[in-house]
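Okay, structure first, notes after.
A note on names: the letters A, B, ... follow the listed sequences, proteins ahead of strands, and every chain is numbered from 1.
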Amino acid sequence: MLSVAPPDAAEIRCNAVFEALLWAVSRPGETQLLPAPGMAGIIETLIDLECTAYAEGEELRARLAATGALLTEDIGQAGYVFVDSLMDFEAWLPAVNRGSALYPDVGATLVAAASHGRGSRLRLTGPGIAENRDILIDVPAGFWDLRAQLSAYPEGFDLILVDGASAIAIPRSTHVEVL
Amino acid sequence: MSLATLTKPWAATSYGFLDASAKRELRRKMLKAVAVPGCQMPYASREVPMARGWGTGGLQVTLTLANPGSVIKVIDQGADDGVNAASIRRFVSSVSGAAQTWDTLDASIIQSRHRIPEEILRENQVLVLQVPDPEPLRDVESNISIARQMHADADYGKLWLTLYEQIVRKGRIMQGASYPALVNGRHVITPSPIPRWDVPKLHMSKHLTILSAGREKRIFAVPPFTRVEPLVFSDRPYLVEDHAGLTCQRSGLSGFFMNELPMDGGGSRFEVSDSNLGIKAIRRTEGEPDGIGDTWYRNGEYSA
(Lines give C-alpha, C1' and ligand atoms only; values in the text may rest on other atoms or scores of the structure.)
Protein backbone atom coordinates (compact mmCIF):
# COMPACT_ATOMS: atom_id res chain seq x y z
CA MET A 1 0.00 0.00 0.00
CA LEU A 2 1.24 3.45 -0.89
CA SER A 3 1.73 5.86 1.93
CA VAL A 4 0.56 9.36 1.11
CA ALA A 5 3.29 11.90 0.70
CA PRO A 6 1.86 14.99 2.39
CA PRO A 7 1.71 18.07 0.18
CA ASP A 8 4.66 20.37 0.66
CA ALA A 9 4.16 24.05 1.42
CA ALA A 10 4.52 25.03 -2.26
CA GLU A 11 1.90 22.50 -3.40
CA ILE A 12 -0.54 23.68 -0.72
CA ARG A 13 -0.09 27.28 -1.88
CA CYS A 14 -0.33 26.43 -5.58
CA ASN A 15 -3.42 24.25 -5.09
CA ALA A 16 -5.17 27.05 -3.19
CA VAL A 17 -4.18 29.73 -5.73
CA PHE A 18 -5.31 27.52 -8.59
CA GLU A 19 -8.64 26.79 -6.95
CA ALA A 20 -9.20 30.53 -6.45
CA LEU A 21 -8.27 31.27 -10.07
CA LEU A 22 -10.38 28.41 -11.45
CA TRP A 23 -13.49 29.65 -9.63
CA ALA A 24 -12.64 33.25 -10.54
CA VAL A 25 -12.55 32.39 -14.25
CA SER A 26 -15.61 30.15 -13.90
CA ARG A 27 -17.62 32.96 -12.30
CA PRO A 28 -16.37 36.20 -13.85
CA GLY A 29 -16.65 39.23 -11.62
CA GLU A 30 -16.88 37.23 -8.41
CA THR A 31 -14.14 38.00 -5.91
CA GLN A 32 -11.96 35.05 -4.93
CA LEU A 33 -9.46 35.11 -2.11
CA LEU A 34 -5.84 34.20 -2.83
CA PRO A 35 -3.92 32.67 0.08
CA ALA A 36 -1.45 35.59 0.03
CA PRO A 37 -1.65 39.14 -1.35
CA GLY A 38 -0.10 40.03 -4.68
CA MET A 39 0.87 38.29 -7.89
CA ALA A 40 3.67 36.17 -6.47
CA GLY A 41 1.34 33.24 -5.82
CA ILE A 42 -0.06 33.39 -9.35
CA ILE A 43 3.46 33.37 -10.77
CA GLU A 44 4.42 30.41 -8.60
CA THR A 45 1.29 28.49 -9.59
CA LEU A 46 1.24 29.02 -13.34
CA ILE A 47 4.63 30.08 -14.65
CA ASP A 48 7.59 27.87 -15.43
CA LEU A 49 10.19 27.40 -18.11
CA GLU A 50 7.56 26.46 -20.70
CA CYS A 51 6.11 30.02 -20.58
CA THR A 52 7.01 33.29 -22.21
CA ALA A 53 6.25 36.17 -19.90
CA TYR A 54 6.34 39.95 -19.88
CA ALA A 55 6.35 42.08 -16.76
CA GLU A 56 6.80 45.65 -15.71
CA GLY A 57 8.74 46.28 -12.54
CA GLU A 58 11.99 44.85 -11.28
CA GLU A 59 10.46 42.71 -8.56
CA LEU A 60 8.01 40.95 -10.86
CA ARG A 61 10.73 40.45 -13.46
CA ALA A 62 13.01 38.89 -10.89
CA ARG A 63 10.25 36.55 -9.74
CA LEU A 64 9.48 35.51 -13.29
CA ALA A 65 13.14 35.00 -14.09
CA ALA A 66 13.46 32.71 -11.06
CA THR A 67 10.79 30.39 -12.49
CA GLY A 68 12.89 29.82 -15.61
CA ALA A 69 10.33 31.48 -17.88
CA LEU A 70 11.56 33.28 -20.97
CA LEU A 71 11.29 37.00 -20.21
CA THR A 72 10.51 39.00 -23.28
CA GLU A 73 10.65 42.71 -24.03
CA ASP A 74 8.09 42.26 -26.77
CA ILE A 75 4.68 42.13 -25.11
CA GLY A 76 3.17 40.49 -28.20
CA GLN A 77 5.30 37.39 -27.67
CA ALA A 78 4.21 36.86 -24.08
CA GLY A 79 1.65 34.26 -23.04
CA TYR A 80 1.52 35.82 -19.57
CA VAL A 81 1.63 39.56 -18.98
CA PHE A 82 1.99 41.03 -15.49
CA VAL A 83 1.48 44.77 -14.99
CA ASP A 84 1.29 46.91 -11.88
CA SER A 85 -1.07 49.41 -13.42
CA LEU A 86 -3.49 49.72 -16.31
CA MET A 87 -3.04 53.52 -16.42
CA ASP A 88 -1.26 53.84 -19.77
CA PHE A 89 -2.99 50.86 -21.36
CA GLU A 90 -3.39 52.55 -24.76
CA ALA A 91 0.35 52.26 -25.29
CA TRP A 92 0.64 48.50 -25.00
CA LEU A 93 -2.79 46.82 -24.92
CA PRO A 94 -3.15 46.60 -28.74
CA ALA A 95 0.08 44.59 -28.85
CA VAL A 96 -1.05 41.93 -26.35
CA ASN A 97 -1.31 38.52 -28.01
CA ARG A 98 -4.95 37.65 -28.64
CA GLY A 99 -4.39 34.35 -30.41
CA SER A 100 -6.41 33.57 -33.50
CA ALA A 101 -9.63 31.80 -34.32
CA LEU A 102 -7.46 28.81 -35.26
CA TYR A 103 -5.48 28.89 -32.01
CA PRO A 104 -7.52 30.68 -29.32
CA ASP A 105 -5.32 29.06 -26.65
CA VAL A 106 -2.41 31.28 -27.72
CA GLY A 107 -4.26 34.37 -26.43
CA ALA A 108 -2.46 35.86 -23.45
CA THR A 109 -3.41 35.96 -19.79
CA LEU A 110 -3.12 39.53 -18.51
CA VAL A 111 -2.63 39.82 -14.76
CA ALA A 112 -3.00 43.40 -13.57
CA ALA A 113 -3.30 45.24 -10.29
CA ALA A 114 -6.60 47.15 -10.00
CA SER A 115 -8.65 48.27 -7.03
CA HIS A 116 -11.90 46.39 -6.47
CA GLY A 117 -15.02 48.03 -5.08
CA ARG A 118 -14.43 51.51 -6.47
CA GLY A 119 -14.09 53.15 -9.87
CA SER A 120 -16.39 52.56 -12.80
CA ARG A 121 -19.47 50.34 -12.49
CA LEU A 122 -19.46 47.42 -14.91
CA ARG A 123 -22.22 45.04 -15.88
CA LEU A 124 -20.88 41.62 -16.83
CA THR A 125 -22.77 39.04 -18.86
CA GLY A 126 -21.69 35.78 -20.41
CA PRO A 127 -20.68 32.24 -19.40
CA GLY A 128 -20.37 31.80 -15.63
CA ILE A 129 -22.93 34.51 -14.87
CA ALA A 130 -26.56 33.52 -14.33
CA GLU A 131 -28.04 36.77 -15.66
CA ASN A 132 -25.72 39.67 -15.08
CA ARG A 133 -23.31 40.77 -12.39
CA ASP A 134 -22.49 44.38 -11.49
CA ILE A 135 -19.04 45.14 -10.10
CA LEU A 136 -16.93 48.18 -9.34
CA ILE A 137 -13.40 48.13 -10.73
CA ASP A 138 -10.91 50.97 -10.82
CA VAL A 139 -9.75 50.67 -14.41
CA PRO A 140 -9.21 53.77 -16.58
CA ALA A 141 -12.00 54.89 -18.89
CA GLY A 142 -11.67 53.54 -22.39
CA PHE A 143 -10.05 50.26 -21.37
CA TRP A 144 -13.21 48.22 -21.87
CA ASP A 145 -14.00 49.83 -25.22
CA LEU A 146 -10.52 49.04 -26.46
CA ARG A 147 -10.82 45.48 -25.12
CA ALA A 148 -14.07 45.03 -27.04
CA GLN A 149 -12.52 46.47 -30.20
CA LEU A 150 -9.49 44.19 -29.98
CA SER A 151 -11.29 40.95 -29.18
CA ALA A 152 -13.25 39.05 -31.79
CA TYR A 153 -14.27 36.01 -29.76
CA PRO A 154 -12.75 33.40 -29.50
CA GLU A 155 -9.73 35.65 -30.04
CA GLY A 156 -8.88 37.75 -27.04
CA PHE A 157 -7.02 37.92 -23.75
CA ASP A 158 -8.08 36.78 -20.31
CA LEU A 159 -7.89 39.30 -17.52
CA ILE A 160 -7.10 38.63 -13.87
CA LEU A 161 -7.41 41.73 -11.70
CA VAL A 162 -5.60 41.51 -8.38
CA ASP A 163 -6.23 43.80 -5.42
CA GLY A 164 -4.25 42.64 -2.41
CA ALA A 165 -5.37 39.08 -1.78
CA SER A 166 -8.55 39.42 -3.86
CA ALA A 167 -8.70 38.31 -7.46
CA ILE A 168 -11.41 38.94 -10.04
CA ALA A 169 -11.20 37.34 -13.46
CA ILE A 170 -12.77 38.67 -16.63
CA PRO A 171 -12.10 36.09 -19.34
CA ARG A 172 -12.50 36.87 -23.01
CA SER A 173 -15.94 35.20 -23.05
CA THR A 174 -17.35 37.89 -20.74
CA HIS A 175 -19.19 40.84 -22.23
CA VAL A 176 -18.46 44.04 -20.30
CA GLU A 177 -20.85 46.97 -20.33
CA VAL A 178 -19.76 50.21 -18.65
CA LEU A 179 -22.74 51.69 -16.78
CA MET B 1 21.40 32.13 -7.74
CA SER B 2 22.68 28.89 -6.30
CA LEU B 3 21.93 25.24 -6.96
CA ALA B 4 19.84 25.12 -3.77
CA THR B 5 17.45 27.79 -5.05
CA LEU B 6 16.91 25.85 -8.28
CA THR B 7 16.13 22.50 -6.70
CA LYS B 8 13.77 21.10 -4.13
CA PRO B 9 14.49 18.70 -1.29
CA TRP B 10 14.43 15.07 -2.45
CA ALA B 11 11.11 13.29 -2.06
CA ALA B 12 10.19 9.72 -2.96
CA THR B 13 6.90 10.70 -4.59
CA SER B 14 5.13 13.88 -5.59
CA TYR B 15 1.94 14.79 -3.81
CA GLY B 16 -0.96 13.72 -5.98
CA PHE B 17 1.33 11.57 -8.17
CA LEU B 18 1.86 14.23 -10.87
CA ASP B 19 5.01 16.31 -10.61
CA ALA B 20 4.83 20.07 -10.14
CA SER B 21 5.57 20.92 -13.78
CA ALA B 22 2.81 18.60 -15.04
CA LYS B 23 0.37 20.26 -12.66
CA ARG B 24 1.39 23.76 -13.72
CA GLU B 25 0.81 22.89 -17.36
CA LEU B 26 -2.59 21.38 -16.60
CA ARG B 27 -3.54 24.36 -14.46
CA ARG B 28 -2.65 26.78 -17.25
CA LYS B 29 -4.67 24.79 -19.77
CA MET B 30 -7.66 24.33 -17.46
CA LEU B 31 -7.89 28.10 -16.93
CA LYS B 32 -7.72 28.67 -20.70
CA ALA B 33 -10.34 25.97 -21.29
CA VAL B 34 -12.75 27.65 -18.87
CA ALA B 35 -12.03 31.06 -20.43
CA VAL B 36 -13.07 29.80 -23.89
CA PRO B 37 -15.98 27.45 -23.12
CA GLY B 38 -16.14 24.41 -25.36
CA CYS B 39 -12.88 25.11 -27.19
CA GLN B 40 -10.50 22.16 -27.17
CA MET B 41 -7.14 23.07 -25.66
CA PRO B 42 -4.15 20.82 -26.27
CA TYR B 43 -2.17 19.61 -23.27
CA ALA B 44 0.72 17.27 -22.68
CA SER B 45 -1.15 14.38 -21.00
CA ARG B 46 1.47 12.78 -18.78
CA GLU B 47 1.89 9.10 -18.08
CA VAL B 48 -0.20 7.82 -15.20
CA PRO B 49 -0.22 4.24 -13.91
CA MET B 50 -3.19 3.32 -16.05
CA ALA B 51 -3.55 2.61 -19.76
CA ARG B 52 -4.65 5.47 -21.98
CA GLY B 53 -8.34 5.12 -22.77
CA TRP B 54 -9.31 4.14 -19.23
CA GLY B 55 -9.81 7.64 -17.89
CA THR B 56 -6.27 9.03 -17.81
CA GLY B 57 -7.48 12.47 -18.92
CA GLY B 58 -10.02 12.70 -16.14
CA LEU B 59 -7.55 11.25 -13.68
CA GLN B 60 -4.97 13.95 -14.40
CA VAL B 61 -7.55 16.70 -13.89
CA THR B 62 -8.72 15.11 -10.63
CA LEU B 63 -5.15 14.72 -9.37
CA THR B 64 -4.45 18.38 -10.16
CA LEU B 65 -7.56 19.58 -8.32
CA ALA B 66 -7.30 17.24 -5.33
CA ASN B 67 -6.04 18.30 -1.92
CA PRO B 68 -6.29 16.53 1.45
CA GLY B 69 -9.65 18.21 2.06
CA SER B 70 -11.24 16.99 -1.19
CA VAL B 71 -13.97 14.37 -1.28
CA ILE B 72 -13.81 12.20 -4.39
CA LYS B 73 -16.59 10.30 -6.12
CA VAL B 74 -15.82 8.29 -9.25
CA ILE B 75 -18.49 6.62 -11.36
CA ASP B 76 -18.38 4.35 -14.38
CA GLN B 77 -21.68 4.34 -16.30
CA GLY B 78 -23.36 5.59 -13.15
CA ALA B 79 -21.92 2.93 -10.85
CA ASP B 80 -19.48 3.63 -8.01
CA ASP B 81 -18.49 -0.02 -7.64
CA GLY B 82 -17.27 -0.78 -11.18
CA VAL B 83 -13.66 -1.98 -11.35
CA ASN B 84 -12.47 1.09 -13.28
CA ALA B 85 -14.28 3.54 -10.99
CA ALA B 86 -13.24 1.86 -7.76
CA SER B 87 -9.59 1.63 -8.74
CA ILE B 88 -9.43 5.26 -9.89
CA ARG B 89 -11.10 6.41 -6.66
CA ARG B 90 -8.71 4.35 -4.51
CA PHE B 91 -5.70 5.58 -6.46
CA VAL B 92 -6.65 9.26 -6.15
CA SER B 93 -7.31 8.82 -2.47
CA SER B 94 -4.07 6.95 -1.84
CA VAL B 95 -1.85 9.52 -3.56
CA SER B 96 -3.66 12.65 -2.33
CA GLY B 97 -5.19 11.70 1.02
CA ALA B 98 -8.58 12.86 -0.27
CA ALA B 99 -11.67 11.25 1.23
CA GLN B 100 -13.76 8.81 -0.81
CA THR B 101 -17.51 8.82 -1.13
CA TRP B 102 -20.32 7.25 -3.13
CA ASP B 103 -22.73 10.05 -2.29
CA THR B 104 -23.08 12.68 -5.03
CA LEU B 105 -24.08 15.32 -2.49
CA ASP B 106 -20.96 14.80 -0.32
CA ALA B 107 -18.40 14.94 -3.14
CA SER B 108 -16.33 17.99 -4.03
CA ILE B 109 -14.91 16.38 -7.19
CA ILE B 110 -16.92 13.89 -9.24
CA GLN B 111 -15.01 12.04 -11.93
CA SER B 112 -17.29 10.25 -14.32
CA ARG B 113 -17.21 7.94 -17.26
CA HIS B 114 -20.26 8.42 -19.46
CA ARG B 115 -22.90 9.61 -16.97
CA ILE B 116 -23.86 12.69 -14.99
CA PRO B 117 -25.42 11.86 -11.61
CA GLU B 118 -29.18 12.33 -11.32
CA GLU B 119 -28.97 14.62 -8.29
CA ILE B 120 -28.43 18.30 -9.04
CA LEU B 121 -24.80 19.34 -8.57
CA ARG B 122 -24.02 22.39 -6.45
CA GLU B 123 -22.04 25.52 -7.33
CA ASN B 124 -18.90 24.33 -5.49
CA GLN B 125 -18.72 20.92 -7.16
CA VAL B 126 -16.52 20.05 -10.12
CA LEU B 127 -17.62 17.37 -12.57
CA VAL B 128 -14.70 15.79 -14.43
CA LEU B 129 -15.75 13.82 -17.49
CA GLN B 130 -13.47 11.27 -19.13
CA VAL B 131 -13.59 11.76 -22.88
CA PRO B 132 -12.50 9.08 -25.36
CA ASP B 133 -12.89 11.17 -28.51
CA PRO B 134 -13.02 14.94 -27.95
CA GLU B 135 -13.42 15.93 -31.61
CA PRO B 136 -17.09 16.20 -32.64
CA LEU B 137 -16.01 16.61 -36.28
CA ARG B 138 -13.94 13.41 -36.45
CA ASP B 139 -16.68 11.37 -38.12
CA VAL B 140 -17.18 13.98 -40.82
CA GLU B 141 -13.59 15.22 -41.16
CA SER B 142 -10.71 12.92 -40.31
CA ASN B 143 -8.00 15.52 -41.01
CA ILE B 144 -7.48 17.33 -37.69
CA SER B 145 -5.98 20.40 -39.36
CA ILE B 146 -9.09 20.85 -41.48
CA ALA B 147 -11.28 20.13 -38.44
CA ARG B 148 -9.43 22.91 -36.58
CA GLN B 149 -10.16 25.29 -39.45
CA MET B 150 -13.81 24.27 -39.33
CA HIS B 151 -13.94 25.08 -35.60
CA ALA B 152 -12.28 28.43 -36.34
CA ASP B 153 -14.93 29.19 -38.95
CA ALA B 154 -17.74 27.78 -36.77
CA ASP B 155 -18.45 25.62 -39.82
CA TYR B 156 -20.60 22.84 -38.41
CA GLY B 157 -22.75 22.20 -41.48
CA LYS B 158 -21.50 18.63 -41.84
CA LEU B 159 -22.74 17.78 -38.35
CA TRP B 160 -26.20 19.04 -39.24
CA LEU B 161 -25.99 16.99 -42.42
CA THR B 162 -25.22 13.84 -40.41
CA LEU B 163 -28.27 14.40 -38.23
CA TYR B 164 -30.40 15.14 -41.31
CA GLU B 165 -29.26 11.94 -43.01
CA GLN B 166 -30.20 9.95 -39.92
CA ILE B 167 -33.71 11.40 -40.09
CA VAL B 168 -33.96 10.62 -43.82
CA ARG B 169 -32.71 7.05 -43.44
CA LYS B 170 -34.27 6.01 -40.13
CA GLY B 171 -37.04 8.50 -39.53
CA ARG B 172 -35.43 9.84 -36.37
CA ILE B 173 -32.08 11.02 -35.04
CA MET B 174 -30.11 7.88 -34.17
CA GLN B 175 -27.24 9.61 -32.36
CA GLY B 176 -27.40 8.22 -28.83
CA ALA B 177 -24.37 9.09 -26.77
CA SER B 178 -21.90 11.96 -27.52
CA TYR B 179 -24.71 14.08 -28.92
CA PRO B 180 -23.07 17.21 -30.42
CA ALA B 181 -23.90 20.35 -28.49
CA LEU B 182 -23.20 24.03 -29.12
CA VAL B 183 -21.48 25.70 -26.15
CA ASN B 184 -21.91 29.43 -25.54
CA GLY B 185 -23.25 29.76 -29.08
CA ARG B 186 -19.80 29.27 -30.60
CA HIS B 187 -18.01 25.92 -30.22
CA VAL B 188 -19.58 22.52 -30.81
CA ILE B 189 -18.42 19.87 -28.37
CA THR B 190 -18.99 16.19 -27.98
CA PRO B 191 -20.06 16.03 -24.35
CA SER B 192 -18.22 12.67 -23.96
CA PRO B 193 -20.43 9.61 -24.46
CA ILE B 194 -23.05 10.68 -21.93
CA PRO B 195 -26.56 9.68 -23.07
CA ARG B 196 -28.91 12.28 -24.53
CA TRP B 197 -30.64 12.11 -21.14
CA ASP B 198 -27.68 13.89 -19.52
CA VAL B 199 -26.92 16.66 -22.02
CA PRO B 200 -29.57 19.11 -20.65
CA LYS B 201 -27.84 18.82 -17.24
CA LEU B 202 -24.89 20.79 -18.65
CA HIS B 203 -27.06 23.71 -19.80
CA MET B 204 -26.94 26.69 -17.40
CA SER B 205 -25.83 24.38 -14.60
CA LYS B 206 -24.51 25.57 -11.24
CA HIS B 207 -21.43 23.34 -11.30
CA LEU B 208 -18.24 23.49 -13.36
CA THR B 209 -17.64 20.70 -15.87
CA ILE B 210 -14.17 19.86 -17.14
CA LEU B 211 -13.84 17.34 -19.97
CA SER B 212 -10.46 15.78 -20.51
CA ALA B 213 -9.22 13.32 -23.12
CA GLY B 214 -5.93 11.77 -22.02
CA ARG B 215 -5.26 9.72 -25.12
CA GLU B 216 -6.15 12.59 -27.46
CA LYS B 217 -4.38 15.15 -25.23
CA ARG B 218 -7.17 17.71 -25.26
CA ILE B 219 -9.10 19.45 -22.53
CA PHE B 220 -12.24 21.57 -22.68
CA ALA B 221 -14.72 22.92 -20.20
CA VAL B 222 -18.28 24.04 -19.62
CA PRO B 223 -18.33 26.76 -16.94
CA PRO B 224 -21.37 27.28 -14.73
CA PHE B 225 -24.30 29.16 -16.30
CA THR B 226 -23.20 28.49 -19.85
CA ARG B 227 -25.55 27.73 -22.71
CA VAL B 228 -25.21 24.15 -23.95
CA GLU B 229 -27.62 23.52 -26.79
CA PRO B 230 -27.83 20.14 -28.52
CA LEU B 231 -27.93 20.51 -32.30
CA VAL B 232 -31.55 20.02 -33.38
CA PHE B 233 -33.83 21.07 -36.17
CA SER B 234 -36.62 23.48 -35.23
CA ASP B 235 -39.28 21.00 -36.39
CA ARG B 236 -37.58 18.00 -34.73
CA PRO B 237 -37.41 18.58 -30.99
CA TYR B 238 -34.54 17.19 -28.93
CA LEU B 239 -35.64 13.87 -27.47
CA VAL B 240 -34.03 12.15 -24.51
CA GLU B 241 -34.14 8.39 -24.11
CA ASP B 242 -37.63 7.08 -23.48
CA HIS B 243 -36.96 5.94 -19.92
CA ALA B 244 -39.60 7.97 -18.12
CA GLY B 245 -41.97 5.02 -17.80
CA LEU B 246 -39.40 2.41 -16.73
CA THR B 247 -39.15 1.16 -13.15
CA CYS B 248 -35.99 -0.10 -11.45
CA GLN B 249 -36.45 -3.75 -10.44
CA ARG B 250 -34.23 -3.43 -7.40
CA SER B 251 -35.03 -0.05 -5.90
CA GLY B 252 -38.49 0.70 -7.28
CA LEU B 253 -37.33 4.08 -8.62
CA SER B 254 -38.88 5.28 -11.83
CA GLY B 255 -38.36 8.26 -14.08
CA PHE B 256 -34.57 8.03 -14.21
CA PHE B 257 -32.04 6.72 -16.74
CA MET B 258 -32.03 2.91 -16.62
CA ASN B 259 -29.67 0.10 -17.51
CA GLU B 260 -31.36 -2.61 -19.53
CA LEU B 261 -30.52 -6.16 -18.47
CA PRO B 262 -31.48 -8.76 -21.10
CA MET B 263 -33.26 -11.81 -19.69
CA ASP B 264 -33.54 -15.38 -20.91
CA GLY B 265 -36.40 -15.67 -23.34
CA GLY B 266 -35.98 -12.23 -24.84
CA GLY B 267 -37.43 -9.96 -22.19
CA SER B 268 -35.46 -7.46 -20.19
CA ARG B 269 -35.47 -5.89 -16.78
CA PHE B 270 -34.24 -2.49 -15.76
CA GLU B 271 -32.02 -1.11 -13.04
CA VAL B 272 -31.43 2.54 -12.29
CA SER B 273 -28.10 3.58 -13.83
CA ASP B 274 -27.10 6.00 -11.04
CA SER B 275 -26.31 3.20 -8.57
CA ASN B 276 -26.00 5.40 -5.50
CA LEU B 277 -29.44 6.87 -6.16
CA GLY B 278 -30.73 3.28 -6.19
CA ILE B 279 -28.98 2.54 -2.90
CA LYS B 280 -30.56 5.62 -1.33
CA ALA B 281 -33.99 4.53 -2.57
CA ILE B 282 -33.52 1.03 -1.12
CA ARG B 283 -32.54 2.60 2.22
CA ARG B 284 -35.73 4.61 2.08
CA THR B 285 -37.86 1.48 1.65
CA GLU B 286 -36.08 0.02 4.69
CA GLY B 287 -37.16 3.00 6.73
CA GLU B 288 -33.79 4.74 7.00
CA PRO B 289 -33.39 8.41 6.13
CA ASP B 290 -32.64 8.39 2.40
CA GLY B 291 -30.93 11.73 1.82
CA ILE B 292 -31.90 11.90 -1.83
CA GLY B 293 -31.22 15.44 -3.02
CA ASP B 294 -33.12 17.38 -5.63
CA THR B 295 -32.91 15.68 -9.01
CA TRP B 296 -32.73 17.15 -12.49
CA TYR B 297 -35.52 14.88 -13.69
CA ARG B 298 -38.80 14.67 -11.79
CA ASN B 299 -41.31 12.00 -12.80
CA GLY B 300 -39.26 11.40 -15.93
CA GLU B 301 -39.43 15.04 -17.07
CA TYR B 302 -36.46 17.37 -17.11
CA SER B 303 -37.43 20.19 -14.81
CA ALA B 304 -34.37 21.87 -13.29
Open item on the list: Please classify the contact between B/A12 and chain A as side chain, backbone, both or neither, with a heavy-atom cut-off of under 4.5 Å.
Closed with: neither
TODO: Could you list all the side-chain hydrogen bond (donor to acceptor under 3.5 Å, both in side chains) pairs where at least one residue sits in residues 100-114 of chain A, not counting sequence neighbours?
DONE: A/T109-B/K32
Task: Sub-4.5 Å side-chain heavy-atom contact between A/N15 and B/L65 - done: no
TODO: Check whether B/E123 gets within reach of chain A through its side chain, its backbone, both or neither, counting any heavy atom under 4.5 Å.
DONE: both
- [ ] Kindly indicate whether the side chain of A/P154, heavy atoms from C-beta on, has any atom under 4.5 Å from the side chain of B/C39.
- [x] no
Open item on the list: Can you give me the closest heavy-atom contact between B/V36 and A/Y153, atom names plus distance?
Closed with: CG1-OH, 3.6 Å
TODO: Grab the two heavy atoms, one from A/S173 and one from B/P37, that are nearest each other, plus how far apart they are.
DONE: CB-CD, 3.9 Å
Task: Residues of residues 50-58 of chain A with any heavy atom under 4.5 Å of a heavy atom in chain B - done: A/E50, A/C51
Open item on the list: Do B/N67 and A/P7 make a side-chain contact, defined as non-hydrogen atoms from C-beta onward lying under 4.5 Å apart?
Closed with: no
Task: Distance-minimising heavy-atom pair for B/T226 and A/P127 - done: OG1-CB, 3.4 Å
TODO: Check whether more than 12 heavy atoms from other residues, nucleotides or ligands sit under 6.0 Å from atom CZ of B/R122, and answer yes or no.
DONE: yes
Open item on the list: Could you report the tightest heavy-atom contact between A/P6 and B/Y15, atom names first, then the distance?
Closed with: C-CD1, 3.9 Å
TODO: Tell me, for A/P28 versus chain B, whether the close heavy atoms (under 4.5 Å) come from the side chain, the backbone, both or neither.
DONE: neither
Open item on the list: Any salt bridge linking A/D48 with B/K23? Criterion: basic side-chain nitrogen under 4.0 Å from a carboxylate oxygen.
Closed with: no
Open item on the list: Testing the basics here: between A/V25 and B/V34, what is the closest heavy-atom pair and its distance to 0.1 Å?
Closed with: CG1-CG1, 3.7 Å
Open item on the list: Other residues, nucleotides and ligands only: do more than 12 of their heavy atoms fall within 6.0 Å of CD on B/E47?
Closed with: no
Open item on the list: Please check if the number of heavy atoms outside B/W54 that lie under 6.0 Å from its CH2 is greater than 12.
Closed with: no
TODO: Identify which part of A/I129 has an atom lying under 4.5 Å from any heavy atom of chain B, answering side chain, backbone, both or neither.
DONE: backbone
- [ ] Under 4.5 Å heavy-atom distance to chain B, tell me which part of A/A62 shows up: side chain, backbone, both or neither.
- [x] neither
TODO: Name the member of B/M30, B/R227, B/E25, B/K206 that forms the most heavy-atom pairs with chain A at distances under 4.5 Å.
DONE: B/M30
TODO: Select one option (side chain, backbone, both, neither) describing which atoms of B/S205 are under 4.5 Å from chain A's heavy atoms.
DONE: neither
Task: Side chain to side chain, A/R27 and B/F225, heavy atoms closer than 4.5 Å - done: no
Open item on the list: Just so I know, are the side chains of A/L22 and B/L208 near enough to count as touching, which here means a heavy-atom distance under 4.5 Å?
Closed with: yes
Open item on the list: Does any backbone or side-chain atom of B/R27 lie under 4.5 Å from a heavy atom of chain A? Answer side chain, backbone, both or neither.
Closed with: both
Open item on the list: Heavy atom to heavy atom, less than 4.5 Å: which residues from residues 151-158 of chain B reach chain A?
Closed with: B/A152
Just list the side-chain donor-acceptor pairs under 3.5 Å for residues 142-149 of chain A, sequence neighbours left out, or say none.
{"residue": "A/R147", "atom": "NH1", "partner": "A/T174", "partner atom": "O", "Å": "3.3"}
{"residue": "A/R147", "atom": "NH2", "partner": "A/P171", "partner atom": "O", "Å": "2.8"}
{"residue": "A/R147", "atom": "NH2", "partner": "A/T174", "partner atom": "O", "Å": "3.1"}

Task: Atom group of B/P68 that falls short of 4.5 Å from chain A, counting heavy atoms - done: side chain
Task: Part of A/E44 within contact of chain B (heavy atom distance under 4.5 Å) - done: backbone
Open item on the list: Restricting to non-hydrogen atoms, name the atom on A/R172 and the atom on B/A35 that form the minimum distance, rounded to 0.1 Å.
Closed with: CG-O, 3.9 Å
Open item on the list: I'd like to know which of B/P223, B/P224, B/A221 tops the heavy-atom pair count under 4.5 Å against chain A.
Closed with: B/P224
Open item on the list: Please classify the contact between A/I47 and chain B as side chain, backbone, both or neither, with a heavy-atom cut-off of under 4.5 Å.
Closed with: backbone
